[in-house]
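Report on the structure given below.
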Protein chains: 2
Amino acid sequence: MRAKASREPLSRERVLTAAVALVDADGIAALTMRRLAANLGVEAMSLYYHLPGKDALLDGLVESVFQEIGAAVARLGPQDGMDWRTRLRQRFLAAREVMLRHPWAPGLMGSRPTIPADVYAYYDGILGTLIEAGFSYRIAHRALHAFGSLPFGFAQEIFSPTAAGGNLEVEVTEAEMAAMAESLPHLTAMVAAEIHDAGDPTLGWCDSQVEFEFTLDLLLDGLDRLRRTSV
Amino acid sequence: MRAKASREPLSRERVLTAAVALVDADGIAALTMRRLAANLGVEAMSLYYHLPGKDALLDGLVESVFQEIGAAVARLGPQDGMDWRTRLRQRFLAAREVMLRHPWAPGLMGSRPTIPADVYAYYDGILGTLIEAGFSYRIAHRALHAFGSLPFGFAQEIFSPTAAGGNLEVEVTEAEMAAMAESLPHLTAMVAAEIHDAGDPTLGWCDSQVEFEFTLDLLLDGLDRLRRTSV
DNA sequence: ACCTGAACACCGTTCAAGT
DNA sequence: ACCTGAACACCGTTCAAGT
């Protein structure tokens with residue numbers, strides 16, 4: 001895990017790249033000034049020359065992930081011929097691919113008190129798409145809120161990605177299953193009725209691609225209906 | 001802030017109550033084993049007799065908030081005559097009132113690796129309401145995901161409640177405003193078009209009651225349309 | 001049964017100092 | 001300009017010990 005010593009000096013960018021790699025590999029709890037420095041072949045105090053402190057490091061992590069989203073969206077190319085729903089759908093799905101690579105990012109974003117500046121530009125683009133499609137500012141504003149975290153490629157997860165929900169069936173014994181059927185009749189029936197493909201890459205608790213796209217389309221369709229009736 | 005010394009012995013419940021009070025008052029970062037103990041008039045090590053460690057304390061905090069939601073929902077009384085949309089709407093709005101009292105809770109929930117057991121029963125009730133209304137298990141399952149955090153009384157907040165978004169206009173100078181109009185034309189126009197009631201109690205970044213209910217109704221209406229067409 | 005004191009390993013951060 | 005060593009205040013947690 002320790003990077004080979006390099007003679008080129010540190011930089012904010014190198015520090016952030018190493019931090020993303022560290023967190024991807026060992027989780028957010030492993031991100032320590034001392035450990036990050038060690039991975040860079042340097043003392044902890046050296047980091048303070050490139051970043052004011054740990055909060056700035058965490059902000060930088062969020063910024064890094066968002067820039068990755070920005071790059072993925074830019075890679076989609078011009079969207080001239082498309083209607084607004086297709087445009088937004090592509091954006092959000094591109095963001096999702098980035099998030100699948102950094103499952104710690106949603107939790108980190110949710111805990112930061114500041115918003116990286118580039119995010120405003122990102123939202124401005126979404127808003128522009130909506131206005132161009134004929135939405136009023138009022139409805140477009142509410143649409144931004146309704147989208148929630150979808151622009152960042154993840155559906156709502158109230159609890160952490162590593163939560164137990166998805167593995168429910170696996171860890172439960174026969175006796176517990178019977179008790180569950182009694183206390184949680186509807187959930188038990190649902191699990192029985194639904195067969196999930198195991199092992200698909202997911203952000204967590206059943207938050208598979210299918211669920212993500214269902215929520216996305218439910219909102220897009222509902223907004224489109226609003227647009228065509230009242231605007 | 002220090003509680004008066006009491007002769008009755010500590011208990012898990014007393015510890016959790018004090019922890020909620022501490023976090024309500026001073027924020028989640030102020031929750032320290034040593035500080036919590038001091039508030040209880042006790043040494044830090046005493047807490048370990050009632051809770052295995054800090055993780056258990058954080059889990060207990062989430063559990064406490066959820067039990068408050070459970071109590072608020074129970075206070076709604078029997079829902080016999082109501083249709084499914086009204087039932088869910090009342091539930092989610094009741095949960096929202098609890099969350100407004102504990103603005104740190106969404107962030108904490110998002111960072112916990114485990115789900116309190118009672119939450120399953122809560123979801124089972126929501127699922128039962130959907131099934132009773134005629135939804136298939138497949139659609140009901142997806143509806144649970146689409147709801148996201150609404151059952152817990154908060155709409156998606158990608159960034160922390162204390163984020164800057166809501167105060168954007170206030171902190172911006174004239175020159176910055178002009179620059180903003182150039183780089184963020186649509187957002188600037190939206191802010192100009194929208195007048196927000198200042199000072200309303202909110203979970204954060206424009207997540208006012210109106211936005212919450214808009215998202216809620218958008219999803220409920222969309223689901224209802226699905227129910228009546230394909231089921 | 002319930003609480004404590006001393007100690008340990010580990011944080012983030014400061015500051016003066018090195019090169 | 002860039003990095004370091006020693007030190008500080010503060011963590012969560014252990015363990016043997018008190019009552």
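As the structure is a computational prediction, the values presented were derived from the model and not from experiment. In the text below, chain A, chain B and the rest are named by the order of the sequence lines, each starting its count at 1.
- Between A:L219 and B:L218, the shortest heavy-atom distance links the atoms CD2-CD2, 3.6 Å.
- Atom CE in A:M45 sits roughly 14 Å away from atom P in D:dC3 (whole-Å rounding).
- In this structure, the CG atom of A:L40 is 15 Å from the C1' atom of D:dT4, given to the nearest Å.
- Straight-line distance from the CZ atom of A:R12 to the C1' atom of D:dA1: 19 Å, rounded to whole Å.
- Closest-nucleotide positions on DNA chain C for B:H50 and A:M33 were compared, and the one nearer the 5' end corresponds to B:H50.
- With D:dA7, D:dC3, C:dA1 as the candidates, the nucleotide lying closest to the side chain of B:Y49 is C:dA1.
- Of the side-chain N and O atoms in B:S46, none sit less than 4.0 angstrom from OP1 or OP2 of C:dC2.
- The backbone N or O of B:T32 lies less than 3.5 Å from no partner atom in the side chain of B:K54, so there is not a single donor-acceptor pair.
- Atom CZ of B:R34 and atom P of C:dC11 are 15 Å apart (whole Å).
- In this structure, the side chain of A:S149 does not engage the main chain of A:F152 through any donor-acceptor pair within 3.5 Å.
- Atom CZ in B:R14 sits about 13 Å away from atom C1' in C:dC2, given to the nearest Å.
- For the pair B:R142 (side chain) and A:F212 (backbone), a donor-acceptor distance under 3.5 Å is absent.
- Looking only at distances, a side-chain donor or acceptor of B:R14 sits under 3.5 Å from a matching main-chain atom of B:P9.
- Among the nucleotides C:dT14, C:dA7, D:dC3, the one closest to any side-chain atom of A:L10 is D:dC3.
- When rounded to the nearest whole Å, the span between CG of B:L51 and P of D:dG12 equals 13 Å.
- In the model, B:E68 has a side-chain atom that pairs as donor or acceptor with a side-chain atom of B:H102 under 3.5 Å.
- A heavy-atom distance below 4.0 Å to DNA chain D is reached by none of the residues of residues 55-64 of chain A.
- A:T188 contributes a side-chain N or O that, together with a main-chain N or O of A:L184, makes up a donor-acceptor pair within less than 3.5 Å.
- Looking at A:R112, its side chain does come within 3.5 Å of a backbone N or O of A:D55 through a donor-acceptor pair.
- For the pair A:K54 NZ and C:dC11 P, the computed distance is 9 Å after rounding to whole Å.
- B:V62 places none of its side-chain heavy atoms less than 4.5 Å from the side chain of B:V119.
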- Which string of ( ) [ ] | and . matches DNA chain D, if you list each base 5' to 3' and count Watson-Crick or G-U pairs only when both distances are under 3.5 Å? ||.|||||...|||||.||
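- Closest to the A:T32 side chain, of the nucleotides C:dC11, D:dT14, C:dC3, is C:dC11.
- One interatomic measurement links the two molecules: CD of B:E43 to P of D:dA16, which rounds to 20 Å at whole-angstrom precision.
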